[in-house]
Participant: 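Questions regarding the structure given below will be posed in turn.
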Amino acid sequence: MEKRNQLYEGKAKKVFETDNPEMLIVSYKDDATAFNGLKKGTIAGKGVINNKMSNLLMQMLEKNGVPTHFVEELSERETLVKRVKILPLEVIVRNIAAGSFSKNYGVPEGKVFKTPTIEFSYKNDELGDPLCNSYHAVALELCTDEELETVKAYAFKVNDLLKAFWNECGVTLVDFKIEFGRLSDGTIVLADEISPDTCRLWDSKTQEKLDKDRFRRDLGGVEEAYREIMSRLEKAINK
Ligand code: UDP
């Protein structure tokens with residue numbers, strides 16, 4: 001696979017074309033941003049961890065019936081993925097109140113929901129990724145009604161699978177954000193990444209935060225938390 005010109009550079013990743021029009025190469029950076037780009041920094045070694053973690057989790061999901069964009073890990077920071085058109089929709093699933101949910105609805109962080117919740121944001125930096133409901137998503141033509149049903153079903157399945165997996169690692173999956181894309185034939189697949197940048201992961205015993213909230217909230221021990229969560233995942237995978 002030959003790497004060609006850079007298509008796009010995002011906050012945490014770069015994306016390159018390849019000699020195959022149906023494939024792209026994603027390259028993970030150590031750059032971190034929060035609050036819609038207002039807070040900027042780097043987390044040393046994050047790109048390597050997020051690349052590996054996302055690939056291992058996507059392979060686990062794929063085995064369990066969730067189609068993903070993952071093709072092959074190429075190096076520490078680079079992965080070959082299927083080319084998709086990303087649906088401009090952030091899909092957020094929550095098991096426990098935290099972050100914007102706690103703030104918006106006045107619910108203390110840590111309140112466990114009786115059943116998981118889902119919400120959507122319209123992926124648009126200029127507008128600050130506003131919340132939108134499923135009717136808004138269809139009205140805005142971000143996706144069709146049918147695609148949205150597929151997205152919702154996959155999102156809850158991903159939650160069940162990730163929750164069980166992290167549980168084995170002594171980690172509580174609080175919430176996460178995922179993105180989906182369309183393959184050239186229209187098939188909906190899970191895309192983007194699944195990492196401590198995009199999930200809230202708490203130590204099951206101590207409730208210690210092992211994710212990007214350490215960076216967002218200046219809690220210190222950011223690199224250590226990324227390394228800790230990666231080592232727990234590797235232990236579970238190698239069991
Ligand atoms: N999230 C993300 N990207 C975003 C916004 C949120 O990956 O642009 C993730 C975040 O890491 C958390 C979940 O989605 O696991 C829910 O985030 P929330 O809406 O509470 O927003 P935040 O408090 O991070 O602003």
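Numbering of ligands and ligand atoms starts at 1, following listing order. FYI, side chains are in, hydrogens and waters are out, and symmetry mates aren't considered; it's all heavy atoms of this structure.
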Participant: When you look for heavy atoms under 4.0 Å from ligand 1, do you find them on the side chain of Cys199, its backbone, both, or neither?
Facilitator: backbone
Participant: Below the 3.5 angstrom mark, is there an N/O of Arg200, backbone or side chain, next to an N/O of ligand 1?
Facilitator: yes
Participant: Give a yes or no on whether the backbone of Glu2 and the side-chain of Thr18 come within a donor-acceptor separation of less than 3.5 Å.
Facilitator: no
Participant: Has ligand 1 got any nitrogen or oxygen that is less than 3.5 angstrom from a nitrogen or oxygen of Asp129?
Facilitator: no
Participant: I'd like to know if Glu62 pairs up with Lys82 as an ion pair, taking the criterion as any Lys NZ or Arg NE/NH1/NH2 lying under 4.0 Å from an Asp or Glu carboxylate oxygen.
Facilitator: no
Participant: Give the numbers and elements of all ligand 1 atoms closer than 4.0 Å to a heavy atom of Asp197.
Facilitator: 7 (O), 11 (O)
Participant: Should one rank Arg94, Lys123, Lys177 by closest heavy-atom distance to atom 7 (O) of ligand 1, which comes out on top?
Facilitator: Lys177
Participant: Counting non-hydrogen protein atoms only, what is the nearest one to atom 25 (O) of ligand 1? Give residue, atom name and distance.
Facilitator: Ser100 CB, 4.6 Å
Participant: Does the pair Asp197/Lys13 count as a salt bridge with the N-to-O cut at 4.0 Å?
Facilitator: no
Participant: Quick test: of every protein heavy atom, which one is nearest to atom 4 (C) of ligand 1, and how far off is it to 0.1 Å?
Facilitator: Glu90 OE1, 3.7 Å
Participant: With heavy-atom distances below 4.0 Å as the criterion, list the atoms of ligand 1 near Gly99.
Facilitator: 20 (O), 23 (O)
Participant: Can you tell me how far apart NZ (Lys11) and CG (Asp31) are? Round to the nearest 0.5 Å.
Facilitator: 12.0 Å
Participant: Any idea which atoms of ligand 1 are less than 4.0 Å away from a heavy-atom of Asp175?
Facilitator: 12 (C), 13 (C), 15 (O), 16 (C)
Participant: Charged N to carboxylate O below 4.0 Å: is that the case for Glu234 and Lys52?
Facilitator: yes
Participant: So, for atom 21 (O) of ligand 1, does the protein have a heavy atom nearer than 4.0 Å?
Facilitator: yes
Participant: With distance as the sole criterion, is a donor-acceptor pair present between the side chains of Asn36 and Asp129 under 3.5 Å?
Facilitator: no
Participant: When you measure from atom 11 (O) of ligand 1 to each heavy atom in Lys212, Arg216, Arg217, which option holds the nearest one?
Facilitator: Arg216
Participant: Is a donor from one side chain sitting under 3.5 angstrom from an acceptor on the other, for Glu22 and Ser184?
Facilitator: yes
Participant: Would Ser102 and Arg94 count as having a side-chain donor-acceptor pair, cut-off 3.5 Å?
Facilitator: no
